[in-house]
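Worksheet: one structure, shown below.
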Amino acid sequence: MIRCETVTFEDVGTTPRKPLTAKQKLALHEKQGGICPLCTKPMLPGDKLTDEHLRALGLGGSNAFDNRAMVHTPCALAKTHGPDGDLATIAKAKAQKRASLGFKTAKSRPLQGAPFPKAEPQCRASKPLDKPRLPPRQLYVER
């Protein structure tokens with residue numbers, strides 16, 4: 001009898017997101033000393049702040065208090081959507097996982113053009129116009 005062990009891969013992108021309460025956000029702000037950990041500038045009253053995972057959930061981060069921080073909203077958007085941001089890194093990690101498991105994208109057929117015959121090139125300047133010319137327009141009328 002042959003016995004096979006199955007290998008399971010843990011998907012790191014399945015951690016459910018849990019929002020923080022206002023009390024927890026205030027505790028994070030005080031723990032950081034009012035400094036944004038991404039840009040190291042002070043967070044002033046009136047600044048738009050966002051609760052951000054320091055290590056993204058899609059990259060194996062958790063909802064633990066140590067993985068959370070209050071940051072400026074523009075800093076959070078740059079961290080998430082920037083060229084080297086979390087979303088780009090997550091996409092790269094997923095592509096590496098697909099490649100390591102041997103999954104390949106199906107190649108599609110090239111699009112075919114319309115089956116209509118091509119028209120002759122038109123040379124508009126080669127023929128003189130057959131239409132009668134209009135009389136010149138009067139610009140000024142004397143009264």
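The structure displayed is predicted, hence computed values, not measured ones. Residue numbers run from 1 in the order of the sequence given.
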request  = State plainly whether the residues K79 and D86 are in salt-bridge range, i.e. N to O under 4.0 Å.
outcome  = yes
query = Got a salt bridge between D51 and K18, using NZ or NE/NH1/NH2 to carboxylate O under 4.0 Å?
reply = no
If we only count heavy atoms from C-beta on, is the [X] to [Y] side-chain gap below 4.5 Å?
X   : Y   : result
L54 : R68 : no
H72 : K48 : no
K41 : I35 : no

remark   = SG (C75) and CE (M70) are apart, to the nearest 0.5 Å, by 12.0 Å
query = How many angstroms lie between atom CG of L77 and atom OG1 of T50, to the nearest 0.5 angstrom?
reply = 6.5 Å
Between [X] (side chain only) and [Y] (backbone N and O only), is there a donor and an acceptor less than 3.5 Å apart?
X    : Y   : answer
E30  : A27 : no
S100 : K97 : yes
R55  : L59 : yes
N67  : A64 : no
Q32  : A69 : no

key: Exercise: identify the closest heavy-atom pair between I90 and A56   = CD1-CB, 4.4 Å
remark   = For A76 and V71 the tightest heavy-atom approach is CB-CG2, 3.7 Å
ask   = How about K31: does its NZ atom have over 12 heavy atoms from other parts shown lying under 6.0 Å from it?
value = yes
request  = For the pair L57 and N63, evaluate side-chain contact (heavy atoms from CB on, under 4.5 Å) and give the outcome as yes or no after the intermediate values.
outcome  = CA-CA 8 Å; L57 295 178; N63 283 313; 4.0 Å; yes
message = Taking L49 as the starting point, is it possible to reach L28 by hopping between hydrophobic residues whose side chains are less than 4.5 Å apart?
response = yes
